[in-house]
**Student:** 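Pasting a structure here, questions to come.
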Amino acid sequence: MTEYALRTAPYEPQAIEQKWQSRWHDMGSHTPDLELGERPYYQLMMFPYPSAEGLHVGNLYAFTGNDIQGRFQRLQGHTVFEPIGFDAFGIHSENYALKVGVHPGKLIPRNIENFRRQIRSAGLMVDWSRSLSTTDPAYYKWTQWVFLQLLEKGLAYRKKGAVNWCPFDKTVLANEQVINGECERCGTKVEQRSLEQWFFRITDYAGRLLENLDTIDWSESTKTSQRNWIGKSVGAEIVFEIRGAVPGSGGWRESGGQLGSKDLGEARDAGSLVPSTHSSLPVFTTRPDTIFGATYLVLAPEHPMVDVLTTAVQREAVGRYRERTAKQDLVSRKVPDKAKTGVFTGAYAVNPATGSPMQVWIADYVLMEYGTGAIMAVPAHDERDFAFATVFGLPVKRVVAGEGDNSEALVDAAYTGDGRLVNSGEFDGMPVSEAARAITAWLVGRNAAKPVVNYRLHDWCISRQRYWGPPIPIIYCDSCGVQAVPIHDLPVLLPHIDDFRPDDSGISPLARHKEWYLVPCPECGKQARRETDVSDTFLDSAWYFLRYTSTDRDDVPFDSEMTKRWLPVDFYIGGNEHAVLHLLYTRFVTMVLHDMGHLGFEEPFKRFRAHGHIVREGAKMSKNKGNVVNPDSYIEEWGADAFRMYLMFLGPFEEGGDFREGGISGVKRFLDRLWKTASEVDSTGEPDRGVMRKLHQTIRKVGDDTRVLGYNTAIAAMMEYMNVLRAGERISHRAEVEPLLILVAPYAPHIAEELWERFGHAESVFEARWPNFDPVLAAEETLELVVQVNGKVRGRLIVPRDVSQEEVVQLALADQAVAKFVSSQPKRVIFVPGRLLNLVT
RNA sequence: GCCCGGGUGGCGAAAAGGCAGACGCGAGGGACUUAAAAUCCCUUUCCGGUAACGGGGUGCGGGUUCGAUUCCCGCCCCGGGCACCA
């Protein structure tokens, strides 16, 4: 008979959710046995910055999608580890602290507490016993260790250079943090400043970071962003001899270096063609095939060779131009389509292909930080060069003829398309596609070029002139120079200071505290000074996934056995806004630690998927618009299960969705019906054959979809099954409902647990296994076949599964609705078994 | 300018090259109720028609195919990223 024990209680999400959250906590249900658990599965979500406003729906959307996957994998028989931590250092926290006038060290624990409460109330399967905060000395001790590893490997170096300076936040920004010339955070126009900074030589890994992308299972969009960011260009460095250069004025690499030495650091020129004999100039080009059309050279205004080249007559004009450019911020200088400006240096170079003299100019459209800081201009085949040549009346020489172009045809706009070479000596007639290689080889033979690959990627500046971060573990000694803090002295604690506000000096607030920065040199013991900059937040987050499995260890950053067992991460989920920052730095740090023998793998995340974003009424949620959804009130009103399911039902997880007030009632209704159905089940007799067929189709669909993050369609499939279960107000059989509880469990874990328990199970539903899909039970005996005439649907036939084509055609022609469109014998018959019949007349 | 997404009912969205619009919201109608809420049932792409039915329809224009939301070519619009990178 009906199980009356279930019958009485109404569905009260708040009560059962609290009950199960406490029980999970008390039973340690979310704390897997990392040492012995079978089939380890590491399910990771990007850790949040614990803001004062609390968890945003965007966070919860991502976390829920992650949690569903984790719980699903657990039902597949994995021991699932789903940790979370807090990315609490950085400008975000610090700026907020400045705004409200409370020390960040006070605010952060409060915020974290609030986040934990919210995450718990959403029913996430988080292992709280292995949580971390980047601000915890027990954590950043090892962030500092990571820095020292890079230093030891020769990948950390110090350099003075032009940096992006935000006058509002009063700090240096990485290139990635400058958006259209404005500070990513506050929108203030960024200026240039020259400061000593620590850099990581990520450019040494550019090739590997790019190539490995082909081997990892990541969202294609993320990989594309990284490819674009790394920006590989294949070309050549070509050397131009300078005519009448002043002899003996010194190699240019040695001469300046303050602005121009780029991110590559000082000791990086070993393989460069830069000659020691100063009277020649290397340029980088991706179009060596157009060398015969190179009619002048352009140097970046900061190029150290400018001093050497400029003739007396031109000195004043060049000086004025350089001064003007120096004042200009990096931003407005890089705006394209701006009218071209420049000045002739008075010097001439020789085209190594033609022997013709070429004027040497300086112009701000050539950037010191890319390539060699100098270009050969081919105005006939480069839009920028063409614009420049037009303004200054420089010669334009066609060397590529497209289809139908005459070799002498005037060039009225830069032609960058395909074609064959003209006016290029022995290379005339060669297709452009072959010419680059051929001409490079020819120039190499004449010792005038070498093939070069350039990357747009810059080295990673990790210095921050701020307070709220891990101090960079370096000591400067007047006698011994730059000293690493010995590992046994880590962590270098961030002192509690009240005057943590940055000022305009460009020096970290820590530099105002002698009592902190004056320390004995670890080498000689004489008084020395600590580095007073802290490191970039992206360094904190570049290795955190390694720490979770070893949070109980104070002697190592990560335990090697645990790491071997649990890493790399099986599935990582996060936002695509981190496609080139966090995700690239993490890969880089992992590679370095691998190369140093600390890790057995070089890619941190086997599988990564970028989730979509939640908007509201088509617009981004923002505090300004006042359309931010507070998850707390929704969870309170509808229950966490309904809210989780609603978020996932909005649209495809990887595309995001539009949050609308009304929609949540649909999933709530589904849960109400689930509750009611389970409460009324009948255990006697046999389950319905047709319902069981639908059940097995649903088991397959929900499993397939959940695995690939098709959460919205998985939920739809469960709803469909619910409609079948309850059709005509029938009472369901227990065998029809029980497996559904397991399918629902990843999505709505609390109600699943409660009903599972009420069904008499002593153990959690997450100790159960995903129901087996039985293809025999799922198979339809008869099916509906669509009958088309000339591609238009004219009827349907109910036929046995194994019906033959002949039978179907006969049946179709016997159908009035079909027959009236078939006037003659069909010319062609297309029969797709199980799907359709198309008669072509 | 370049690179990614995306454009389908009133709305959120589904569709191995094979019934366009599953599932849900909203709306309309009905049942139950003294009434309302809740629940359940039916209808709901557009046009014509009481209906049976017929015709159109997945941003636009072409193409491939027996058949295209899906593949190809050329555009338009929206969102995001990059952008004087030689």
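Quick note on labels: first sequence line is chain A, next is B, and so on, each numbered from 1.
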**Student:** Nearest to the side chain of A:S221, which nucleotide is it out of B:rC4, B:rA86, B:rG54?
**Tutor:**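 For A:S221, the side-chain atoms sit closest to B:rC4.
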**Student:** Is there a Watson-Crick or G-U wobble partner for B:rA27 with both distances under 3.5 Å, and which nucleotide is it?
**Tutor:** B:rU43
**Student:** Respond yes when some side-chain nitrogen or oxygen of A:R828 is under 4.0 Å from OP1 or OP2 of B:rC66, and no when none is.
**Tutor:**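 Indeed, a polar side-chain atom of A:R828 lies that close.
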**Student:** Select base, sugar-phosphate, or nothing to describe what A:V832 touches, counting heavy atoms under 4.0 Å on all strands.
**Tutor:**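 If one applies the 4.0 Å heavy-atom cut-off, A:V832 turns out to touch a base.
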**Student:** Would you say A:K223 reaches B:rG81's phosphate, i.e. side-chain N/O to OP1/OP2 under 4.0 Å?
**Tutor:**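 No, A:K223 has no side-chain N/O under 4.0 Å of OP1/OP2 on B:rG81.
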**Student:** Checking all strands, does A:D672 fall into the base, sugar-phosphate, or nothing category for heavy-atom contacts under 4.0 angstrom?
**Tutor:** nothing
**Student:** Should the pair A:E302-A:R322 be classified as a salt bridge under the 4.0 Å nitrogen-to-oxygen rule?
**Tutor:**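 Salt bridge between A:E302 and A:R322, a charged N being under 4.0 Å from a carboxylate O: no.
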**Student:** For the residue pair A:N790 / A:T841, report whether a side-chain donor-acceptor contact shorter than 3.5 Å exists.
**Tutor:** yes
**Student:** Does A:N228 reach a base, just sugar-phosphate, or nothing at all? Heavy atoms under 4.0 Å.
**Tutor:** sugar-phosphate
**Student:** Would you please test A:F653 and A:Y61 for side chain to side chain contact (heavy atoms under 4.5 Å, CB included) and show each step?
**Tutor:** CA-CA 9 Å; A:F653 185 62; A:Y61 180 73; 3.7 Å; yes
**Student:** If you measure from the P atom in B:rC47 to the same atom in B:rA37, how many Å do you get, rounded?
**Tutor:** 30 Å
**Student:** Does A:R669 place a side-chain N or O at less than 4.0 Å from the phosphate oxygens OP1/OP2 of B:rU39?
**Tutor:**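 For B:rU39, OP1 or OP2 has a side-chain N or O of A:R669 closer than 4.0 Å.
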**Student:** Where does B:rG26 land, syn or anti, given syn is within 90° of 0?
**Tutor:** anti
**Student:** Is it true that A:D658 and A:R660 make a salt bridge, defined as a side-chain N closer than 4.0 Å to a carboxylate O?
**Tutor:**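 Salt bridge between A:D658 and A:R660, a charged N being under 4.0 Å from a carboxylate O: yes.
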**Student:** Does B:rG24 have its OP1 or OP2 closer than 4.0 Å to a side-chain nitrogen or oxygen of A:S665?
**Tutor:**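 Checking B:rG24 against A:S665, no side-chain N or O comes under 4.0 Å of OP1 or OP2.
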**Student:** When you measure from the side-chain N and O atoms of A:R794 to the phosphate of B:rG55, is any distance below 4.0 Å, counting only OP1 and OP2?
**Tutor:**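 Checking B:rG55 against A:R794, a side-chain N or O does come within under 4.0 Å of OP1 or OP2.
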**Student:** Would you say the side-chain atoms of A:T325 and A:D364 include a donor-acceptor pair closer than 3.5 Å?
**Tutor:** no
**Student:** If you measure from the C1' atom in B:rG17 to the same atom in B:rC71, how many Å do you get, rounded?
**Tutor:** 8 Å
**Student:** Expressed in whole Å, how much space separates the C1' atoms belonging to B:rG5 and B:rG10?
**Tutor:** 26 Å
**Student:** For the pair made of CG in A:L647 and P in B:rA13, what is the distance, rounded to whole Å?
**Tutor:**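 It is 14 Å, rounded to the nearest whole Å.
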**Student:** Please report the distance separating the C1' of B:rU69 from the corresponding atom of B:rG1, rounded so that it comes out in whole Å.
**Tutor:**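 My reading of the C1' atoms in B:rU69 and B:rG1 gives 30 Å.
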**Student:** Name the nucleic acid region contacted by A:E784, choosing base, sugar-phosphate or nothing; use a 4.0 angstrom heavy-atom cut-off, strictly under.
**Tutor:** base
**Student:** Using OP1 and OP2 only, check whether a side-chain N or O of A:N576 sits under 4.0 Å from B:rG81.
**Tutor:**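 Answer no for this pair, as no side-chain N or O of A:N576 is under 4.0 Å from OP1 or OP2.
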**Student:** OP1 or OP2 of B:rA83 less than 4.0 angstrom from a side-chain nitrogen or oxygen of A:R456, does that happen here?
**Tutor:**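 For B:rA83, OP1/OP2 do have a side-chain N/O of A:R456 under 4.0 Å.
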**Student:** When you check the phosphate oxygens OP1 and OP2 of B:rC41, does a side-chain N or O of A:R726 lie under 4.0 Å from one of them?
**Tutor:** no
**Student:** Determine the Euclidean distance between corresponding P atoms of B:rG67 and B:rG18; express it in Å to zero decimal places.
**Tutor:** 14 Å
**Student:** With a non-hydrogen cut-off below 4.0 angstrom, is A:K827 in contact with a base, only sugar-phosphate, or nothing?
**Tutor:**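 If one applies the 4.0 Å heavy-atom cut-off, A:K827 turns out to touch nothing in the nucleic acid.
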**Student:** In terms of heavy-atom contacts, does CD of A:E654 have more than 12 from other residues, nucleotides or ligands at under 6.0 Å?
**Tutor:** yes
**Student:** Which part of the nucleic acid does A:V667 contact within heavy-atom distance under 4.0 Å: base, sugar-phosphate only, or nothing?
**Tutor:** nothing
**Student:** I need the CG-P distance between A:L367 and B:rA86, as an integer number of Å.
**Tutor:**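 Rounded to whole Å, this separation is 10 Å.
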**Student:** Between the base of B:rC84 and the side chain of A:K340, is there any donor-acceptor pair under 3.5 Å?
**Tutor:** yes
**Student:** Heavy-atom nearest nucleotide on RNA chain B for A:G666 versus A:F821: which residue maps closer to 5'?
**Tutor:**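 Nearest nucleotide further toward 5': that of A:G666.
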